[in-house]
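One structure below.
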There are 4 protein chains.
Amino acid sequence: MSTTQRPRTGTRGRIIDVALELFSEQGYQETSLREIADRLGVTKAALYYHFKTKDDIVHGIIEQAAAPIDEVIAWGEEQEWSPEVRDELIRRFAAGSAERAPLLRFFHENQPALRDSSAGLEFKERMIAMIKLVHGPEATPAARLRAAMALFSFHTALFLLKQDLAAGPEALCATGTVTTLDQATEVALEVALEIAARIDSPRD
Amino acid sequence: MSTTQRPRTGTRGRIIDVALELFSEQGYQETSLREIADRLGVTKAALYYHFKTKDDIVHGIIEQAAAPIDEVIAWGEEQEWSPEVRDELIRRFAAGSAERAPLLRFFHENQPALRDSSAGLEFKERMIAMIKLVHGPEATPAARLRAAMALFSFHTALFLLKQDLAAGPEALCATGTVTTLDQATEVALEVALEIAARIDSPRD
Amino acid sequence: MSTTQRPRTGTRGRIIDVALELFSEQGYQETSLREIADRLGVTKAALYYHFKTKDDIVHGIIEQAAAPIDEVIAWGEEQEWSPEVRDELIRRFAAGSAERAPLLRFFHENQPALRDSSAGLEFKERMIAMIKLVHGPEATPAARLRAAMALFSFHTALFLLKQDLAAGPEALCATGTVTTLDQATEVALEVALEIAARIDSPRD
Amino acid sequence: MSTTQRPRTGTRGRIIDVALELFSEQGYQETSLREIADRLGVTKAALYYHFKTKDDIVHGIIEQAAAPIDEVIAWGEEQEWSPEVRDELIRRFAAGSAERAPLLRFFHENQPALRDSSAGLEFKERMIAMIKLVHGPEATPAARLRAAMALFSFHTALFLLKQDLAAGPEALCATGTVTTLDQATEVALEVALEIAARIDSPRD
DNA sequence: CATGAATGAGTCTTCATTCAT
DNA sequence: GATGAATGAAGACTCATTCAT
């Protein structure tokens with residue numbers, strides 16, 4: 001469906017793919033342009049033909065990877081808010097989470113580096129839009145926080161999964177059959193819906 | 001109560017305080033030893049008198065700040081597991097969250113930098129111990145994941161709050177009176193208990 | 001004859017020349033990359049474009065300067081051993097000694113710095129090959145030692161000459177006309193042949 | 001006999017011993033005061049109580065270790081020169097060579113570091129005195145060079161032995177029984193006397 | 001006698017970036 | 001489209017040295 005998910009042809013696209021891969025694996029600061037260039041088999045200078053700056057690569061990454069979220073947002077903005085719509089938003093957001101994993105991971109684990117970057121802000125704005133759609137109009141601060149937490153549960157689950165895999169079979173969840181990326185997403189969806197369910201009536 | 005929380009006298013202690021402050025504000029990589037030294041009014045070389053390496057400072061930070069968590073773990077290990085114990089564990093963990101905020105933040109937002117650091121592993125181990133205590137023995141992978149997510153909800157809430165404050169009054173939650181650090185913690189506690197409640201009976 | 005002896009064009013070659021010059025004058029450790037860069041009129045970073053590491057420069061030096069020795073070794077390996085071949089080996093080795101002086105000097109006076117360096121080992125291997133050719137097959141340990149001493153007499157002579165020149169006209173040999181580089185080499189050759197002559201019949 | 005050869009009591013003496021050991025093993029520049037202090041179980045500052053400067057330690061080393069050479073020089077200065085005296089000088093010089101090995105080694109392998117050091121000059125002067133005694137008055141430059149080379153043959157042999165031991169059993173001389181320190185010295189003495197024998201009648 | 005704390009100068013090295021070709 | 005060569009700024013780290021205690 002989305003044309004942006006598979007490795008693009010053309011150097012520019014390949015740079016984005018490799019950069020996201022490395023950034024999410026090792027971090028933004030920890031990844032040098034030389035590494036990216038090396039893995040691509042080109043020179044550093046070639047990167048500068050396609051991107052004005054290292055930060056600009058992040059720009060490209062987000063631009064390319066945020067499209068699916070934009071679709072969800074667009075859909076949400078056309079609906080009248082209701083608990084059903086809210087849950088559907090979360091489900092749609094969840095739908096792409098698995099593929100977006102590297103992006104989410106990159107975004108969260110590199111806050112310090114992205115803090116002052118214009119590219120980071122772009123992504124943040126999208127998340128804020130999503131959050132607003134989830135909690136609906138005139139929400140209390142607590143409700144807003146819940147909405148945000150619901151959405152971030154996906155990231156948390158993904159984060160934990162990664163830690164887990166890195167730690168080997170001894171680790172906290174990886175007891176064999178269950179915790180694959182998909183199953184982690186499933187649990188995260190469950191949790192997200194639970195959290196969101198109490199948005200209206202925080203105390204029963 | 002704990003004597004380790006407020007700025008210690010002695011240069012070594014002051015280094016730890018300032019370093020944690022800067023690391024959690026700007027990130028580990030983004031903070032140079034010069035900055036730390038400057039803010040302390042000493043030379044870089046003085047840092048090296050007290051710590052063998054930049055990484056070693058992180059070591060010191062964790063050693064110093066993880067003591068409260070260790071207490072909770074110690075308590076938990078003495079109890080027979082039960083849903084009540086589980087909830088109490090979460091509450092005790094929550095209790096110090098507000099003060100520990102910078103540490104949690106630092107830990108999460110600097111994953112890339114800490115990944116290969118022995119200091120990072122130390123902290124990770126403590127979290128794993130907490131998670132195991134929360135889900136109790138013989139838990140399913142899904143239950144384990146939930147346990148982890150419950151505990152991490154504090155971090156998520158803190159993370160969101162920070163983003164929020166940084167963004168100014170326009171932002172998602174900060175509508176004036178409510179979302180202070182304490183209130184964020186409160187919501188996070190609520191959410192954590194909800195998530196944990198379903199550990200045993202994931203679907204009702 | 002050999003095209004590698006005079007200053008090469010191209011920065012890489014110039015770095016090697018200047019580095020050997022400085023290393024042999026002041027020592028490896030005592031020569032900073034800044035000095036090399038300054039004398040070349042480039043920045044330190046430029047050195048790193050051409051060499052991965054300070055040690056790598058040594059690598060380059062040896063690679064470039066050891067070619068003449070390799071030729072002698074190659075010749076020696078084709079001959080059937082005999083006292084005449086042995087003496088010819090020494091003469092051929094002596095032939096280039098004067099030009100190779102800085103290299104020999106650098107190699108000997110920087111043992112501590114080169115000890116753990118892969119570059120140093122490369123040179124050592126060449127010397128060992130030469131020594132083996134000189135003493136021939138099935139030599140007694142004493143014979144081997146003599147062979148080695150014969151070859152090293154060139155270094156000793158060169159070393160003494162340098163000390164001498166540094167010390168001014170008051171010094172041990174420099175009584176005016178005689179001891180130039182060539183004449184020192186000549187004496188060294190004489191001595192080397194004497195030492196080698198007794199390899200077979202150590203005691204008469 | 002000499003009281004200076006075994007580890008002295010008193011910190012000052014122990015510093016000298018340890019320093020010589022490390023300097024000759026790893027080199028002067030390559031050995032930091034911290035290493036010396038650590039191996040002694042004291043602090044760097046303690047070294048400064050006993051020596052004004054790092055270079056001053058070298059001073060101490062030479063002062064302490066050169067005494068035996070001074071004795072030989074003193075004896076030589078009382079004799080009327082003759083070939084027999086010359087040979088006896090060499091034999092006396094050889095006598096202590098084995099014990100003095102680390103000093104000789106240190107002196108030669110650290111030329112670059114000692115070049116500008118007043119401590120280095122002291123030792124050099126002693127060697128010059130020895131050389132002058134060996135070649136006798138009114139010697140030709142070539143004769144002087146030979147005299148020097150004769151004496152330095154001990155260093156060469158020691159140097160080669162060390163290289164050898166470092167290289168393991170595969171190496172050039174170490175074929176089992178022979179080349180110990182003593183036997184290397186023996187060969188060196190033989191060679192030294194040969195070289196010296198031709199001082200008068202360089203060409204037969 | 002010796003230490004604990006600190007410094008200033010300097011080291012090697014890495015990086016994002018530029019530009020002529 | 002891309003490269004080879006180079007730069008300037010910065011970073012972590014080391015070292016000899018000092019001095020009050």
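The sequence lines fix the lettering, A, B, ..., with proteins before strands; numbering per chain opens at 1.
Between C:Thr11 and F:dA5 there is no side-chain polar atom (N or O) within less than 4.0 angstrom of OP1 or OP2. In terms of phosphate contacts, B:Tyr49 brings a side-chain nitrogen or oxygen within less than 4.0 Å of OP1 or OP2 of E:dA5. Taking 4.0 angstrom as the limit, B:His50 places none of its side-chain polar atoms (N or O) nearer than this to OP1 or OP2 of E:dG4.
The side-chain tip of C:Lys54 points at the ring of C:Tyr28 from less than 6.0 angstrom away and within 45° of straight on.
Here F:dG11 presents its P atom at 10 Å from CG of B:Asp38, a figure rounded to the nearest Å. F:dA12 atom P lies 12 Å from atom CG of B:Leu22, rounded to whole Å. Distance B:Ile36 CD1 to F:dC13 P: 11 Å, rounded to the nearest Å. Distance, C:Ile15 CD1 to F:dT7 P: 10 Å, rounded to whole Å. The nearest whole Å value for the distance from the CZ atom in B:Arg12 to the C1' atom in E:dA6 is 16 Å. Counting to the nearest Å, the P atom of F:dT7 and the CG atom of C:Leu47 are 9 Å from each other. At whole-Å resolution of the value, CZ in C:Arg14 and P in F:dA5 are 14 Å apart.
Here the side chain of A:Ser117 pairs a donor or acceptor atom with the backbone of A:Gly120 at under 3.5 angstrom.
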Contact pattern, 5' to 3', of nucleotides 12-18 of chain E - B, S or - by protein heavy atom under 4.0 Å: BBBBBBB
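In this structure, a donor-acceptor pair under 3.5 Å is absent between the side chains of C:His108 and D:Glu109.
For the pair D:Leu103/D:Ser24, no side-chain contact is recorded, criterion being any heavy-atom separation below 4.5 Å from C-beta on.
Applying the salt bridge (charged side-chain N to carboxylate O under 4.0 Å, His left out) rule to B:Asp38 yields the partners B:Arg34; only residues at least two apart in sequence or on another chain are considered. Among residues two or more places apart in sequence or in another chain, the side-chain contact (heavy atoms from CB on, under 4.5 Å) test is passed with C:Ala19 by C:Phe23, C:Ile36, C:Ile57, C:Ile61. Applying the salt bridge (charged side-chain N to carboxylate O under 4.0 Å, His left out) test to A:Glu21 and every residue at least two apart in sequence or in another chain returns A:Arg39.
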Tabulate below the donor-acceptor pairs under 3.5 Å that side-chain atoms of residues 44-51 of chain A make, not counting sequence neighbours, or state none.
none

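Helical stems involving DNA chain F, defined as 3 or more consecutive Watson-Crick or G-U pairs under 3.5 Å, span E:2-21 with F:2-21.
Taking the six-membered ring for Trp and the full ring otherwise, C:Phe107 and C:His155 have centroids separated by 6.0 Å or more.
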